[in-house]
Amino acid sequence: MIKKYTFYFALCYGAAMLITGIIISFFDLPGGTSVACLVAAGFAAAMKFVQDQQRAPEAAEKKQLIWGCLIASVAVSVLASMVSLIIFAETADFFSMLSTVPLWIWAIAILFTLLIHYFILALSFGWFARWNQKNMLKK
């Protein structure tokens with residue numbers, strides 16, 4: 001059951017990143033919207049869970065959803081980076097520049113990013129799922 005919502009999250013996250021990427025490149029806007037994509041996908045997956053199950057996730061389910069979606073977000077981000085490397089030449093220059101950054105800075109940056117992702121997903125499957133359930137019961 002949890003895999004269904006993790007897969008749904010991954011689809012929503014990938015679609016949000018694709019749409020955002022197209023909008024950014026079409027209007028030549030600065031990047032940095034992956035958090036918005038993560039929030040949108042997390043909220044969509046939590047809403048789908050509440051609609052299907054007619055309740056918010058229980059504690060054990062919430063943990064599984066958070067960790068599954070965290071892994072899915074990393075996988076989608078890696079895939080998006082690989083596609084970006086293939087499509088956009090300037091991405092290769094950016095990644096080669098990043099290779100000069102010390103490993104300890106990479107570790108801190110990755111850990112900080114994962115903590116942000118974890119917090120957003122915990123918010124999605126916790127507060128937002130309960131809020132969504134409450135509003136669904138009002139209807």
Side-chain angles (χ1 to χ4, degrees):
M1 173 182 72
I2 299 299
K3 288 180 184 178
K4 171 184 175 181
Y5 302 105
T6 302
F7 184 72
Y8 186 77
F9 166 84
L11 285 177
C12 291
Y13 188 51
M17 287 180 66
L18 179 66
I19 291 167
T20 303
I22 291 169
I23 291 170
I24 286 172
S25 59
F26 183 72
F27 290 109
D28 198 25
L29 298 172
T33 57
S34 66
V35 171
C37 295
L38 184 70
V39 170
F43 280 18
M47 187 181 304
K48 179 77 172 147
F49 183 95
V50 171
Q51 287 173 348
D52 290 353
Q53 304 299 317
Q54 300 293 307
R55 60 177 175 79
E58 296 170 358
E61 292 170 324
K62 181 181 168 186
K63 281 183 184 178
Q64 290 177 346
L65 286 163
I66 292 169
W67 285 108
C69 291
L70 184 64
I71 292 167
S73 73
V74 170
V76 169
S77 296
V78 167
L79 181 63
S81 296
M82 290 170 47
V83 169
S84 180
L85 274 171
I86 294 168
I87 295 175
F88 304 108
E90 61 270 9
T91 305
D93 296 336
F94 176 74
F95 278 113
S96 67
M97 180 189 70
L98 289 178
S99 66
T100 62
V101 176
L103 188 59
W104 67 272
I105 292 177
W106 270 104
I108 291 171
I110 289 170
L111 181 62
F112 184 69
T113 301
L114 289 174
L115 285 172
I116 291 171
H117 281 222
Y118 185 90
F119 174 73
I120 290 171
L121 292 168
L123 193 67
S124 298
F125 292 110
W127 169 80
F128 182 74
R130 288 189 304 274
W131 178 83
N132 198 8
Q133 178 187 11
K134 187 172 34 170
N135 286 338
M136 185 179 67
L137 293 174
K138 287 180 183 178
K139 293 181 182 182

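- More than 12 heavy atoms of other shown residues, nucleotides or ligands fall within 6.0 angstrom of atom CG in Leu111.
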> Where do Leu38 and Phe9 land on the side chain to side chain contact (heavy atoms under 4.5 Å, CB included) test, with the steps shown first?
Replying inline: CA-CA 9 Å; Leu38 184 70; Phe9 166 84; 3.6 Å; yes

> Going through the distances and angles, do Met47 and Phe128 end up as a side chain to side chain contact (heavy atoms under 4.5 Å, CB included)?
Replying inline: CA-CA 8 Å; Met47 187 181 304; Phe128 182 74; 3.8 Å; yes

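- Under 3.5 Å, the side chains of Tyr5 and Glu61 contain no donor-acceptor pair of N or O atoms.
- Note: Glu58 CD to Gln64 CD = 10.5 Å, rounded to the nearest 0.5 Å.
- The nearest pair of heavy atoms linking Phe43 to Ser124 is CD1-OG, 3.3 Å.
- A 6.0 Å sphere centred on CH2 of Trp127 holds more than 12 heavy atoms belonging to other residues, nucleotides or ligands.
- Taking the six-membered ring where tryptophan is involved, the planes of Tyr13 and His117 are perpendicular, since the angle between them exceeds 60° and thus also 30°.
- If you take SG on Cys69 and CD1 on Ile120, they are separated by 12.5 Å, rounding to the nearest 0.5 Å.
- The heavy-atom pair separating Ala129 from Pro57 by the smallest distance is CB-CD, 3.6 Å.
- Taken to the nearest 0.5 Å, the CG atom of Leu11 stands 4.0 Å off from the CZ atom of Phe7.
- For the atom pair Gln53 CD and Lys48 NZ, the distance stands at 10.0 Å (nearest 0.5 Å).
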> Under the side chain to side chain contact (heavy atoms under 4.5 Å, CB included) criterion, do Leu65 and Leu121 qualify, and how do the steps go?
Replying inline: CA-CA 8 Å; Leu65 286 163; Leu121 292 168; over 6 Å; no

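- Other cluster members for Ile71: none, since no ILVMFWY side-chain heavy atom sits under 4.5 Å from it.
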